[in-house]
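Letters A, B, ... are given to chains in the order of the sequence lines, protein chains preceding strands, and every chain is numbered from 1. This structure is a prediction, so every number in the text was calculated from the model and none was measured.
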Number of protein chains: 2
Amino acid sequence: MDPLVFPRSAAAAPYLRIKQHLRDELGRGRWRPGQAMPSDAELVAQFGVSRMTVTRALNELRAEGLIERVQGVGTFAAHLGRVAAQLQIRDLHEEIVARGHAHRAVVHLAQREKASEALADRLGLASGAPVFHTLIVHLENGVPLQCEDRYVNPAAAPNYLDHDFTQITPTQVLLQEAPLREARYSIEAALPTAQEAKLLGIARGEPCLIVVRRTAGAMGPITLARLVHPGTRYLLQGEFKP
Amino acid sequence: MDPLVFPRSAAAAPYLRIKQHLRDELGRGRWRPGQAMPSDAELVAQFGVSRMTVTRALNELRAEGLIERVQGVGTFAAHLGRVAAQLQIRDLHEEIVARGHAHRAVVHLAQREKASEALADRLGLASGAPVFHTLIVHLENGVPLQCEDRYVNPAAAPNYLDHDFTQITPTQVLLQEAPLREARYSIEAALPTAQEAKLLGIARGEPCLIVVRRTAGAMGPITLARLVHPGTRYLLQGEFKP
DNA sequence: CAGTGGTCTAGACCACATA
DNA sequence: ATGTGGTCTAGACCACTGT
C-alpha cells in the first residue's frame, strides 16, 4: 500500500514517517483501545508539517482500522474488537495455473431454462423468465476440485452461453461482460448432493466446503453460483496485516 | 480572483462527487480494465476543483481497488481479476449477543502444558517450553456452536490463565493483553475428531467448518486456535462493495 | 466559547515515463 | 521536453462537541 519512495533526501515522506511512528506506538501499547491520541494540531507541531500532511497520515491509519476519528471530539486508538481480513476469491483457473498445474473444465450443462420462483427472486427476475444455467466441473491435474453450478441473469450478460467454457471460465466471462458492483457470499461446510458427489468423484459422506456467491452490477443481479469443493482438496486462506 | 463560497449545505463534498461519478462510469463499463482514465489535470478542469481534491478522490478509489495509478504514466481502470472481500471474523460472544441470543461458555481445559515440537515451532517457542492451553465450547441458547482449542504463547500474555473464561472469551482477553499485528487463517471443511464430536454433541459424520487462526504481535507469535463449527449451525458471510 | 476533525484552495517542487 | 502522478505548504471556512 505504501509506495516505497524517497522524495527529498534519503528520508521517507513525512506522512509515512508520521504513520510509522503512530503505528509503532500503537503496537507498543502506547494508547489503550478507546484512549485519546494526539490531536491534529499537536502532531502538526510535533512533526513540523502542515495539517494536510497530518490529516493524510491519520486518514490512512483510519482506513486501515487502527484508529478512529470523531469530529469535534478527537482521535482515538481503535478497539480491534473484530478481526477483519482480506479474503481473496480468485478465479479458479488463475489459482490452479499459479500453482503450476493443469486446469481442465468439463461442461455438464450449458443451457437456457425457465427460472423457478425461488431462483427468479434471487436474480431479480419474473418467475418463469429465461435464465442461463451452467454446470461445470473444474479439475486440477485431472482431479476434480470444484463443482460450479451457476445461474446467470440474461439481461446482465446476453452472450453468456456463446462462450466455450472449456477455454474460459464463467467468472472471466462475467467480469468482462458485466462490470461488478457488489458481491455477497457465504461459506459453509456440508455434505454434497448425490449429483455433486458423483461429479466430484467423492463419497457422499465426505465433507465439502461450499461457497455461495451472488454478484450484482449497476443494472441489478448478475449471477448466483454454488461452488462445491471436496474438503480434503481445498482450503481457503487469508491474511490480516494492519 | 473572486471570493469563494462553498455551498456544502446542499451538496455532497466535491471529492465524494468525483468518486461517485467515476464509480458510476466504471460500473457502466465506461473504461475497460487496463484502459486509461482521465488524468488529474483533466478532472481538475472538468470538476473545477483543486488538484488535491482530485488526488484524494483517486487515491481512495485506488485503496478500494477500483483503479490503478502509475507515476509518470496515468490512471487506469483496474482489472478486477480477483474478487477480494472483507471477511470479518468477529468475536463469537459479540456475534451471538448481536443476534439477541444467550452465550454460554463451558471450559473443559485451562492449563499450562509443555509444547510439543510441532506446536513450539508454530508459536516460536523451544520444544518442551511451557504453553497455555484452553479448550472451550461456546453455546448459543444452549446449543454448541463452536469448539475452541487454543494455545497461547506465555510471553505474549503472561496472565492469560488468570481469567474466568465463562465470563470473557479468550479472543477478548488476548486483544487486551497483546496488541495484534498480524493474523493468518485458513478455512476448510472436515469431519470432527471423536473428542470434538462429543463436545459439540454431533455425529462423527457431520461435516464441520474449521477455521485455524494464528496471530502475532510486535513480540512474535501470540496464539494458535482451531475453531470447529458444526456445518449445520454455522455460516461465514461476507460482502464486497467497491 | 474554544477545541476538534472535515474539507478545500492555489499554488509548488519532485520523480518518473515516454517520446 | 512534455505530461503524468506523488507530495507538500500555509493558510481558510465549515460542522461538530464539549464546557
Without decimals, in angstroms, what is the distance between [X] [atom1] and [N] [atom2]?
| X | N | atom1 | atom2 | value |
| --- | --- | --- | --- | --- |
| A:Met37 | C:dG3 | CE | P | 21 Å |
| B:Phe76 | D:dG3 | CZ | C1' | 12 Å |
| A:Leu58 | C:dT7 | CG | P | 13 Å |
| B:Lys19 | C:dT7 | NZ | P | 10 Å |
| A:Glu42 | C:dT4 | CD | C1' | 11 Å |
| B:Asp40 | C:dC14 | CG | P | 19 Å |
| B:Leu61 | D:dG6 | CG | P | 13 Å |
| B:Leu43 | D:dG6 | CG | P | 13 Å |

Hey, are B:Thr223 and B:Arg214 close enough side-chain-wise for a donor-acceptor pair under 3.5 Å?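 Their side chains do not contain a donor-acceptor pair, so the 3.5 Å distance test is not met.
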
Just by distance, no angles: are the side chains of A:Glu148 and A:His138 close enough, under 3.5 Å, to form a donor-acceptor pair?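 There is such a pair between these side chains.
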
Assess the residue pair B:Ile96 and B:Leu145 against the criterion (side-chain contact (heavy atoms from CB on, under 4.5 Å)); give the C-alpha distance rounded to whole Å, side-chain angles, the decisive distance to 0.1 Å, and a yes or no. CA-CA 10 Å; B:Ile96 291 174; B:Leu145 186 62; 4.1 Å; yes

Please determine whether a side-chain nitrogen or oxygen atom of [X] lies at a distance below 4.0 Å from atom OP1 or OP2 of [N].
| X | N | result |
| --- | --- | --- |
| B:Arg69 | D:dT4 | no |
| B:Thr75 | D:dG5 | yes |
| A:Tyr15 | D:dC8 | no |

Kindly say whether the aromatic ring centers of B:Phe165 and B:Tyr160 come within a distance under 6.0 Å.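 Yes, close enough.
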
Can you identify which nucleotide, out of D:dT7, D:dT17, C:dG6, has its nearest atom closest to the A:Pro14 side chain?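 For A:Pro14, the side-chain atoms sit closest to D:dT7.
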
Can you figure out which of C:dC16, D:dT7, D:dT4 approaches the side chain of B:Gln71 most closely? C:dC16

Starting from the 5' end of DNA chain D, give me the residue, A:Gly48 or A:Gly72, whose nearest nucleotide shows up first. A:Gly48

Identify, residue by residue, the members of residues 49-57 of chain B with a heavy atom below 4.0 Å from DNA chain C, and return them in order of residue number, or none.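 Close to the strand are B:Val49, B:Ser50, B:Arg51, B:Met52, B:Thr53, B:Arg56.
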
Salt bridge (Lys or Arg N to Asp or Glu O under 4.0 Å) between B:Glu60 and B:Lys19, intermediate numbers included: CA-CA 8 Å; B:Glu60 293 193 3; B:Lys19 276 183 73 173; 2.8 Å; yes

side-chain contact (heavy atoms from CB on, under 4.5 Å) between B:Leu61 and B:Arg23: does it pass, once the steps are laid out? CA-CA 8 Å; B:Leu61 287 174; B:Arg23 249 202 292 253; 4.1 Å; yes

Hey, does the side chain of A:Asn153 reach the backbone of A:Pro221 with a donor-acceptor pair shorter than 3.5 angstrom? yes

